[in-house]
Amino acid sequence: MAIPRLSLRRHLPQMPGHALRLRSWQILKPLTHAGLQPTSKAVYRRTPTRLLSRLWGVLTGLALPRWLRRPLLALYVWAFSVNMAEAAEEDLSSYRSLGELFRRPLKPWVRPIAPHDMVSPADGCIVHLGRVRRSRLEQVKGVTYSLESFLGPQDWREDGGRGLSPRWHRGHRLYQCVIYLAPGDYHRFHSPTNWHIQHRRHFPGSLMSVSPSVVRWIPGLFCHNERVVLSGEWAHGFFSLTAVGATNVGSIRIYCDQDLRTNCARHVQGCYHDCSYLAWAEPAGVPAPKGAGLGEFNLGSTIVLLFQGPRRFGFRASAGRRVRVGQALGSL
């Protein structure tokens with residue numbers, strides 16, 4: 001069925017189209033409703049984004065009566081320009097909750113996997129990509145943070161005599177790619193290459209917005225936010241994929257890890273929780289073929305790829321470009 005058109009634009013002809021689009025980080029600043037402008041970084045960091053995200057999770061999980069599904073979900077589809085023609089189920093009345101719409105699967109043929117060595121793991125916009133220099137990662141151009149503060153210390157302990165640390169190839173370079181998923185994007189993420197996942201590290205933390213405008217504003221934001229680091233090896237050494245949580249994205253799900261719990265009520269800032277997949281997926285870890293589903297967010301967020309590669313590795317995309325799952329990202 002075709003999604004009904006909303007008439008709000010006709011009643012507000014004086015407003016430009018982009019002004020009618022909802023921007024989650026602006027909506028989720030509750031201080032503005034009290035007449036306060038949270039322009040201070042310190043004020044914004046103190047906003048209870050974890051609590052707001054848990055409440056949002058409860059709301060999006062509520063079962064909607066069938067008569068309400070179509071008009072309510074159509075509002076979200078319109079506001080964030082969701083392409084329902086790609087969804088495996090196009091009928092909005094089939095989605096029992098807003099959360100189900102966020103996590104909708106797509107028709108299998110709408111995301112073909114390119115033959116390149118590395119493909120995009122998600123639908124979104126490339127915020128930054130390139131070499132990692134002097135162990136500094138770029139959040140956006142000109143805003144950096146340290147590799148260790150993001151991944152944590154590289155001293156993963158041995159578990160039963162099995163080293164958790166992936167092989168680091170001498171002479172290879174370290175590369176990174178940051179992809180931002182907007183609220184209207186497809187919220188599942190996939191394996192960008194053929195690799196094995198050996199370890200999961202979960203950092204509880206804040207849940208500030210990761211929209212590019214806020215990322216430019218708060219240095220080291222990715223190191224403050226809750227995130228799940230999956231690390232292991234590909235053919236050229238170390239490889240990691242990090243799912244970074246954001247406001248209203250407290251729920252990060254990894255399909256192969258049923259024990260992972262994110263956005264819990266209690267957490268200690270700066271702590272992390274390690275889990276070795278080698279304990280049950282020996283000898284190399286959990287296989288992640290290129291294009292295979294890895295996990296999902298409960299709304300838009302950010303994926304950060306960090307990996308080793310030979311000097312001849314080259315990216316086949318550029319910062320600012322929109323990509324989709326399976327599109328060419330890099331090759332040797």
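Everything numeric here is computed off the predicted structure, so don't read it as measured data. All heavy atoms count here, side chains included; hydrogens, waters and symmetry mates do not.
- Using a 4.5 Å heavy-atom threshold, the side chains of Leu73 and Leu68 count as separate.
- Two residues are said to be in side-chain contact when any heavy atoms from C-beta on lie closer than 4.5 Å; Pro192 and Leu305 meet this criterion.
- In terms of the side chain to side chain contact (heavy atoms under 4.5 Å, CB included) criterion, Pro112 has no residue partners (sequence neighbours excluded).
- For Thr193, the side chain to side chain contact (heavy atoms under 4.5 Å, CB included) partners are Trp195, Trp234, Phe239, not counting sequence neighbours.
- Residues Leu294 and Ala288 approach most closely at CD2-CB, 4.0 Å, considering heavy atoms.
- Under a 3.5 Å cut-off, the side chain of Asp123 and the backbone N or O of Val325 do form a donor-acceptor pair.
- Between the OG atom in Ser94 and the CZ atom in Arg104 there is a gap of 14.0 Å [rounded to 0.5 Å].
- For Arg134, the CZ atom counts as loosely surrounded, since its 6.0 Å shell holds 12 or fewer non-hydrogen atoms of other residues, nucleotides or ligands.
- The backbone N or O of Ala87 sits less than 3.5 Å from a side-chain atom of Lys107, completing a donor-acceptor pair.
- Taking Arg253 as the reference, Glu296 meet the salt bridge (Lys or Arg N to Asp or Glu O under 4.0 Å) condition, with sequence neighbours excluded.
- Under the 6.0 Å cut-off for aromatic ring centres, Tyr76 and Phe102 qualify, their centroids lying closer than that.
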Would you tabulate the side-chain donor-acceptor contacts of residues 113-122 under 3.5 Å, counting partners in other chains and residues two or more places apart, or write 'none'?
from, atom 1, to, atom 2, distance (Å)
Asp117, OD2, Leu332, N, 3.0
Ser120, OG, Ala122, N, 3.3
Ser120, OG, Ala122, O, 2.6

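- Judged by distance alone, with hydrogens and angles left aside, the side-chain atoms of His236 form no donor-acceptor pair with the main-chain N or O of Gly309 at under 3.5 Å.
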Mind running side-chain contact (heavy atoms from CB on, under 4.5 Å) on Met84 and Leu101 for me, showing each step along the way?
-> CA-CA 10 Å; Met84 289 302 296; Leu101 178 62; 3.8 Å; yes
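- For the atom pair OG of Ser231 and CD of Gln198, the computed distance is 7.0 Å after rounding to the nearest 0.5 Å.
- In terms of the side chain to side chain contact (heavy atoms under 4.5 Å, CB included) criterion, residue partners of Pro289 (sequence neighbours excluded) are, by chain and number, Asn194, Ala292.
- Contact detail for Val127 and Tyr180: the closest heavy-atom pair is CG2-CB, 3.7 Å.
- In terms of hydrophobic clustering, with Ile, Leu, Val, Met, Phe, Trp and Tyr side chains grouped at heavy-atom distances under 4.5 Å, Phe189 and Leu106 are assigned to different clusters.
- Tracing side-chain contacts under 4.5 Å through hydrophobic residues (I, L, V, M, F, W, Y), one never reaches Leu181 starting from Val110; they form parts of separate clusters.
- Take Arg311 and apply the side-chain hydrogen bond (donor to acceptor under 3.5 Å, both in side chains) test, not counting sequence neighbours, and it matches no residue.
- Ring-plane geometry between His273 and His202 is classed as tilted, the angle between the planes lying from 30 to 60 degrees on a 0 to 90 degree scale.
- For the atom pair CG (Leu241) and CD1 (Ile197), the distance works out to 8.0 Å, reported to the nearest 0.5 Å.
- Taking 4.5 Å as the limit, some side-chain heavy atom of Leu147 sits within range of a side-chain heavy atom of Leu306.
- Taking 4.5 Å as the limit, every side-chain heavy atom of Leu230 sits out of range of all side-chain heavy atoms of Thr242.
- Not counting sequence neighbours, Pro283 has no partner by the side chain to side chain contact (heavy atoms under 4.5 Å, CB included) test.
- A donor-acceptor pair under 3.5 Å links the side-chain atoms of Gln308 to the main chain of Phe238, judged by distance alone.
- Hydrophobic clustering (side-chain heavy atoms under 4.5 Å, transitive across Ile, Leu, Val, Met, Phe, Trp, Tyr) keeps Phe80 apart from Tyr186.
- With sequence neighbours excluded, no residue forms a salt bridge (Lys or Arg N to Asp or Glu O under 4.0 Å) with Arg69.
- Residues meeting the side-chain hydrogen bond (donor to acceptor under 3.5 Å, both in side chains) test with Ser135, sequence neighbours left out: none.
- Ring geometry, Phe313 versus Tyr175: the interplanar angle falls from 30° to 60°, so the pair is classed tilted.
- No donor-acceptor distance shorter than 3.5 angstrom exists from the side chain of Tyr277 to the backbone of Cys256, with no hydrogens or angles considered.
- Residues Val286 and Trp280 meet the side-chain proximity criterion, which asks for heavy atoms closer than 4.5 Å.
- To the nearest 0.5 Å, atoms CG (Leu64) and OG (Ser97) are separated by 6.5 Å.
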Checking side-chain contact (heavy atoms from CB on, under 4.5 Å) for the pair Val228/Arg200: CA distance, chi angles, key distance, verdict?
-> CA-CA 7 Å; Val228 176; Arg200 179 258 290 167; 3.8 Å; yes
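- Residues Phe315 and Gln176 come closest through the heavy atom pair CZ-O, 3.5 Å.
- No side-chain heavy atom of Ile126 sits less than 4.5 Å from a side-chain heavy atom of Val178.
- Residue pairs meeting the side chain to side chain donor-acceptor pair (under 3.5 Å) criterion with at least one partner in residues 320-332, sequence neighbours excluded, are Glu86-Arg324, Asp185-Arg322, Arg316-Ser331.
- Every residue meeting the side-chain hydrogen bond (donor to acceptor under 3.5 Å, both in side chains) condition with Arg96, not counting sequence neighbours, appears here in chain and number order: Glu100.
- Proximity of Arg131 to Leu174: side-chain heavy atoms (C-beta onward) are nowhere separated by under 4.5 Å.
- Criterion: ILVMFWY side-chain heavy atoms under 4.5 Å apart, direct or through other members. Under it, Trp109 and Val323 are not part of a common hydrophobic cluster.
- Of all heavy-atom pairs between Ala317 and Ala328, the closest is CB-O, 4.4 Å.
- Residue Glu226 holds its CD atom at 5.5 Å from CD1 of Ile252, rounded to the nearest 0.5 Å.
- The closest side-chain heavy-atom distance from Arg103 to Phe297 is not below 4.5 Å.
- Scored by the side-chain hydrogen bond (donor to acceptor under 3.5 Å, both in side chains) test, Ser240 finds no partners at all (sequence neighbours excluded).
- Going from atom CZ of Arg70 over to atom CG of Asp91 covers 6.5 Å, rounded to the nearest 0.5 Å.
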